[in-house]
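These notes concern the structure reproduced below.
Protein chains get the first letters and strands the later ones, always in sequence-line order, with residue 1 at the start of each.
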Amino acid sequence: MAHWTKFEKELDKEVRKLIMHLSGIPDEEDPNFQMALKFAWSNFRFHHFLDVSSHKVQLSINGIYEKLMVHSDLCKADSWMRLTKEFLNSPLPNTEGTMTDIHHSILALLLFLSDSPSNTNYSERPRLKESEKEDSFDWAKYLMEGEDIDIGPFPDTPEWSEDESEEEESQQLLSREDSGIQVDRTPQEDQEQTSKTVQVTWTVGEPDARAWLELQVVTPYWVPHSPRFPHSLHLHSNLLNVWDQHLYNTDPLYLPEEKAFVTETQVIRETLWLLSGVKRLFIFQHHDGKVSVRNDVVVTHLTSNCLRSVLEHVAAYGQAVFRLQRFIDEVTGHSAEPCPPGLNSSSSSSSSSRKSSEPPFRTYQAFVWALYKYFASFKEEITAIERDIIGKDETVTLSSVLERLSLHLSQITVLHRVFCTGVAEVPPATPNVVRASHLLNTLYKAIIEYDSVGEASEQSVALLFSLWVETVRPYLEIVDEWIVHGHLFDPAKEFIIQRNKDVPVNHRDFWYATYTLYSVSETIESEERLSEAASGSSGGEQSSSSRQHTMVSFLKPVLKQIIMAGKSMQLLKNLDCQTRLEWDAERKSLYTLFLESVQTRLRRGEESPMDTVSEQQATKRSLIKMQSIVARHLELDDIHDPLLAINFARLYLEQKDFHEKFSGSDVIVDRSSESVTCQTFELTLRSCLYPHIERRYIECCGNLMRTLKKDYRLLGYLQAMRNYFLLEAGDTMYDFYTAIFDKVLEKESWQQLAFLNVQLQEAVGQRHPEDSNRLSIFLETVDPTRKKQPINNLDGLTLSYKVPWPVDIVISSECQKIYNQVFLLLLQIKWAKYSLDTLRFSGNFVSHAKEYTAKEPINQQIHRMVLLRVKLMHFVNSLHNYIMTRILHSTGLEFQHQVQEAKDLDQLIKIHYRYLSTIHDRCLLREKVSFVKEAIMKVLNLVLIFSDRWQAGFGAWKIESIDKMESDFKNCHMFLVTILNKAVCRGSFPHLESLAVSLMAGFEQC
Amino acid sequence: MASAASTNMNAVRDTMDVLLEISRLLNTGLDMESLSICVRLCEQGINPEALSSVIKELRRASDTLRASENSTSQG
């Protein structure tokens, strides 16, 4: 082939290329290649084909056009005509002109090679005009990138403006990407970073970038009429179509709706986003806090109803999450809603201003913190699932995701329920204390409720318990602060007990009126009422009995102790701050102690299954024993159910002290029912929280009691009250009252304050000088109508003892009133007794007797007077003995004993009050038995009249008056004996027995 | 001069694009490279009918070759 021309050589090269390209044989020495080359050349050289006729080609073109038209391929036909025309009018690489033979021959080649053009799918591709782009490309800049270009002496020339360079840069970056060339850009990293970010934000808006994103990341299924994604044609993936087709076939009126197609992965992803609190979603829509599923969303492999029913479940959970999340945001003061900056700032400023004006509501904060912790773990789980989806290592389906989240979802349901009842349903104007206690109560009740279900809801109980433990923290901290430092720190007014600011600590009313207890439980209420009645003060603790019953149940069993300890501590702090502060430093807070106890208890619970085998024997034995006991108790209620008995027995095995309590002689059946309902949680509290409070209570109150008794001579003051008011200091008081009685006897006026006080001071000053300045006496003006009887002369005489703070908490002025009532009665008896005792058979009397010995009636009168006197003396002495020894002394001994054992101040107050009411009762001062007192008063009155007559002298006696006195006395005496005997026979007043017996003896003698 | 050449280049590139569209429409099975080879051959005076028969034959032959190769390699 040496004779080949250059033309032929080029032709050969082209032919080889063609063969290589078509056959795919890379090696030219390959025999197949050589054969193909030979074949090609022989065809080209020795062919017998006619030359191409442009006319024929044109005819073919028209024929194909017609054919396409016949096939209704209008687009194709149009393209065909246009393209051929365009081609014929376009230049060829090495041929001058257009519409040449070469053009036609090329077309002819294509026509020869064409393979049924009407049967193929064809759509014309838009051809890119690259020429402009090529032109705008700045090659010089591209090649010189990274070079330090000398920009000349005038750097601020207009060509180097900032805008232009930026524009160029962005343009350059875009085109570079198109060119597909990667350039080393390390020298300009900083600049590159900035430009890159600019580029990202800028290119997303571009249609090209959007298309790229759609192709590479996700099709925008959220825009209407979005392009369908490609998916398998398998039946499984087209269930929706099949179903639609079926509907279309069976229902003539069926109209297929416009639908937004999504993939299951998109559904899963939106589900996860919804559960993690994202609000702006496509599939799930938010309307005023409600989450609903979009109607027109479908996946190809499920019917829309099926998908909807699944997603509606998810939406319900999503709504719960959303509500909880919003609550968290509200409390923390964040606004999760991405809103415009202006709006955001205004809302945040309003929330911050609200925050600054109101002290933080710690119970809600603690609750939110617990919720937040839960949600953190929940979101971790969601993120893990999302990572799995991204990883594509395993198949993630919607049902598998829901299965994986099922535990969390059920927990969210529980949380949401608690939130709804505990927080959301509370009306907005409710005070914080009700909110807080309501929330705690709801949690508490929920725990007990779920706890009673048993193992089925262990997870819920665990969750709720952790939630409760967190939420209760502020309360326990308040309690701790109060019972340890004596300071009730509660700025948001959320604690059930609140300090009344207007009562100072060193005030007499401190103990009663300082604190307001909200929502009192029945038992405590009645107790407090009692003390209120005793004090008569404006007790604040009962002010809320009409309020909604929102007592924090978990504190109920120890509420009294808390109140006592808190008040005692505050009082103690005010008494002496220095002495009892040493142990404060290394002390653990109540909450810490509680947590530690709970932990040890739970750990013990974990360990117990390990050694059950060894303990089985013992357990079995005690179970049988317990069963018999429980069965016995059940039989009390006519229940014969061995299974119930066994279960009860099992239940009580947990409670260690059960056996002692229930096998004891006095059985309280009510108690069992209470324990059954609250099972282990109640037990947990009982063993973990209450002991700490109890210990603190004992410590505080013990301290207070010691301080009061030792440093403040409480017992001394109580003794003083008995000494003076109850006349236990007999000699002292004798001096005082005899002075008065003598004055009365001498018919002198004794009702002068100065005289009385002088007498009192003289009497007291001799023996008890320390009390002389505390004691004083007053005369109260008494209704003159009541003074008609001589015995009522003493009415209005009031003794007063100045009790210093803090002892006046115990010995209040109300107590002194009762003391005074008894004091007055005692004085009256003493007076009667004194006036009888001091009657003398004076010389006058005896001489008269001698003088009138002959006169029978006078002797008889004297005799009757003497007899009456003895009878009266017997009566008065019996009464006196009864009151002084039987009542005052023995009750006083009892009282002293109880005072020694009193654990807290309240108990002491109660004991004191009970003591007072006892002596008040037993001295027959109660309204109910006023008729007895009336009778006694009549007798005492008679005594005074009698002594008056006696004093008047012998001659003044009249037989009628003696008769009257005798009959009066007899009537009263008989009446009293009958009444007292009845009472004694009924057995209701055993203490009256001695009085009844002695009066009876006197009566029989008459 | 250079710009005129480049305009020509672009025009030719456009022509080739059009030609490729026509080829696709007619379902000839030619790609850009084989198409450009064919254009050059036609410009050099090769009879299009001969060329088409060569292309068809080459395709058929290479198909049978591949099939036999596959069968031998499997065997």
Side-chain angles (χ1 to χ4, degrees), chain A residues 7 10-11 14-15 17-19 21-25 32 35-36 39-40 43-45 47 49-52 64 68 76 79-80 82-84 86-87 90-95 102-117 119-120 122 124-125 127-131 134-135, chain B residues 2-70 72:
Chain A
F7 170 74
E10 270 184 23
L11 198 63
E14 292 293 338
V15 173
K17 248 193 221 170
L18 180 74
I19 293 166
H21 190 75
L22 285 175
S23 66
I25 301 168
N32 286 327
M35 266 168 66
F39 171 70
N43 259 298
F44 292 155
R45 282 200 183 137
H47 68 83
F49 298 115
L50 292 174
D51 276 353
V52 179
I64 286 175
L68 289 173
K76 230 194 229 179
S79 296
W80 169 246
R82 203 160 25 80
L83 287 169
T84 46
E86 201 181 334
F87 172 70
S90 302
L92 283 171
N94 299 313
T95 316
I102 306 296
H103 282 93
H104 286 108
S105 67
I106 291 169
L107 275 181
L109 170 71
L110 293 181
L111 287 170
F112 284 128
L113 285 172
S114 82
D115 183 11
S116 61
N119 288 343
T120 53
Y122 169 78
E124 194 178 347
R125 281 188 304 205
R127 275 156 293 128
L128 300 170
K129 300 273 181 199
E130 278 186 44
S131 53
E134 293 272 323
D135 276 351
Chain B
S3 75
S6 78
T7 350
N8 191 34
M9 274 288 283
N10 285 331
V12 170
R13 207 166 278 167
D14 281 355
T15 313
M16 288 309 290
D17 281 337
V18 173
L19 204 57
L20 186 65
E21 282 304 312
I22 297 171
S23 155
R24 278 184 58 237
L25 197 152
L26 292 174
N27 199 20
T28 58
L30 292 173
D31 58 5
M32 197 57 167
E33 197 179 345
S34 43
L35 194 63
S36 52
I37 293 166
C38 289
V39 168
R40 274 198 289 274
L41 285 171
C42 285
E43 277 183 316
Q44 285 170 12
I46 300 292
N47 186 293
E49 209 170 344
L51 184 56
S52 77
S53 68
V54 166
I55 289 170
K56 281 176 185 165
E57 193 58 33
L58 276 174
R59 275 177 182 163
R60 211 183 58 239
S62 62
D63 279 352
T64 49
L65 188 72
R66 266 187 215 123
S68 68
E69 261 176 18
N70 278 347
T72 51

Quiz: residues 44-51 of chain B side-chain donor-acceptor pairs under 3.5 angstrom, not counting sequence neighbours:
unit_1	atom_1	unit_2	atom_2	d
B/Asn47	OD1	B/Glu49	N	2.6
B/Asn47	OD1	B/Ala50	N	3.3
B/Asn47	ND2	A/Leu50	O	3.1

Notebook entry, point to check: Which heavy atom in B/Cys42 sits nearest to a heavy atom in A/Ile106, and how many Å separate them?
Noted result: CB-CG1, 3.8 Å
Item checked: Option in B/Ile22, B/Leu58, B/Leu20 with maximal non-hydrogen atom pairs under 4.5 Å from chain A -> B/Ile22
Notebook entry, point to check: What closest approach, in Å, do B/Val54 and A/Phe39 show between heavy atoms, and which atom pair accounts for it?
Noted result: CA-CE2, 4.2 Å
Check: More than 12 non-hydrogen atoms from neighbouring residues, nucleotides or ligands closer than 6.0 Å to CE on A/Met35, yes or no?
Finding: no
Next item on the list: Determine the minimum heavy-atom distance between B/Arg66 and A/Ser23, stating which atoms define it.
Entry: NH2-O, 3.3 Å
Margin query: Taking side chain as everything from C-beta outward and backbone as N, CA, C, O, which of these in B/Arg59 sits under 4.5 Å from a heavy atom of chain A? Side chain, backbone, both or neither.
Written below: side chain
Margin query: One pair to check against side-chain contact (heavy atoms from CB on, under 4.5 Å): B/Arg40 and A/Lys17. What are the steps and the verdict?
Written below: CA-CA 11 Å; B/Arg40 274 198 289 274; A/Lys17 248 193 221 170; 3.8 Å; yes
Notebook entry, point to check: Looking at CG of A/Leu110 and CG of B/Asn27, how far apart are the two atoms once the value is rounded to the nearest 0.5 Å?
Noted result: 11.5 Å
Check: Taking side chain as C-beta onward, heavy atoms only, is A/Leu109 less than 4.5 Å from B/Leu41?
Finding: no
Next item on the list: Would you please name every residue forming a side chain to side chain contact (heavy atoms under 4.5 Å, CB included) with B/Thr15, sequence neighbours left out?
Entry: A/Phe87, A/Ser90, A/Pro91, A/Leu92
Check: Yes or no on side-chain contact (heavy atoms from CB on, under 4.5 Å) for B/Leu25 and A/Ser79, after CA distance, side-chain angles and deciding distance?
Finding: CA-CA 9 Å; B/Leu25 197 152; A/Ser79 296; 4.1 Å; yes
Notebook entry, point to check: Got a second to check how far B/Leu65's CG is from A/Asn32's CG, nearest 0.5 Å?
Noted result: 5.0 Å
Next item on the list: Please state whether the side chain, the backbone, both or neither of A/Leu111 comes within less than 4.5 Å of a heavy atom of chain B.
Entry: both
Checklist line | Structural part of B/Asp63 lying under 4.5 Å from a heavy atom of chain A | finding: neither
Next item on the list: Return the minimal non-hydrogen interatomic distance between B/Ser62 and A/Leu22, and the atom names on each side.
Entry: OG-O, 3.9 Å
Note to self: More than 12 heavy atoms of other residues, nucleotides or ligands under 6.0 Å from CG of B/Asp31: yes or no?
What the structure shows: yes
Check: What's the shortest heavy-atom distance between B/Val18 and A/Leu83, and which atoms?
Finding: CG1-O, 3.3 Å
Next item on the list: Please name the pair of heavy atoms, one in A/Leu18 and one in B/Ser34, separated by the smallest distance, quoted to 0.1 Å.
Entry: CD1-O, 4.5 Å
Margin query: Out of A/Glu10, A/His47, A/His103, A/Lys76, return the one with the most heavy atom pairs under 4.5 angstrom to chain B.
Written below: A/His47
